[in-house]
Amino acid sequence: MAEVVCLCNEVLDEDLREYLDTHPIDSIEELRDQASICNKCMQCQELVEGEIYLARVRRQRAAGQF
């Protein structure tokens, strides 16, 4: 079941993962700049940074770099 990552914007973890898997985001700052997923409330920073890291690892594995 999906969980809410960001309460301010009601972003679900599944939606965030899907976005990160299709966009090469490497930091929470890039996410703020490129998407309306984050509005700098900082409440979910650790969760979002963790998802960004996991998405980067998935992209590297898919490219055969890991």
Got a sec, which residues hit salt bridge (charged side-chain N to carboxylate O under 4.0 Å, His left out) with D21, two or more places apart in sequence or on another chain?
R58
Side-chain polar contacts of residues 42-50 - donor-acceptor pairs under 3.5 angstrom, sequence neighbours left out - could you list them?
residue : atom : partner : partner atom : Å
Q45     : NE2  : E49     : OE2          : 2.9

For the backbone of L20 and the side chain of R59, can you confirm whether one donor and one acceptor N or O come within less than 3.5 Å of each other?
yes
Got a sec, which residues hit side chain to side chain contact (heavy atoms under 4.5 Å, CB included) with D13, two or more places apart in sequence or on another chain?
A2, E3, V5, R17
Quick one: pull up CG in L31 and OH in Y19 and give me the separation to the nearest 0.5 Å.
6.5 Å
So, using side chain to side chain contact (heavy atoms under 4.5 Å, CB included) as the criterion, who are the partners of E18 when residues are at least two apart?
none
CG/D26 to CD1/I52 distance, rounded to the nearest 0.5 angstrom?
8.5 Å
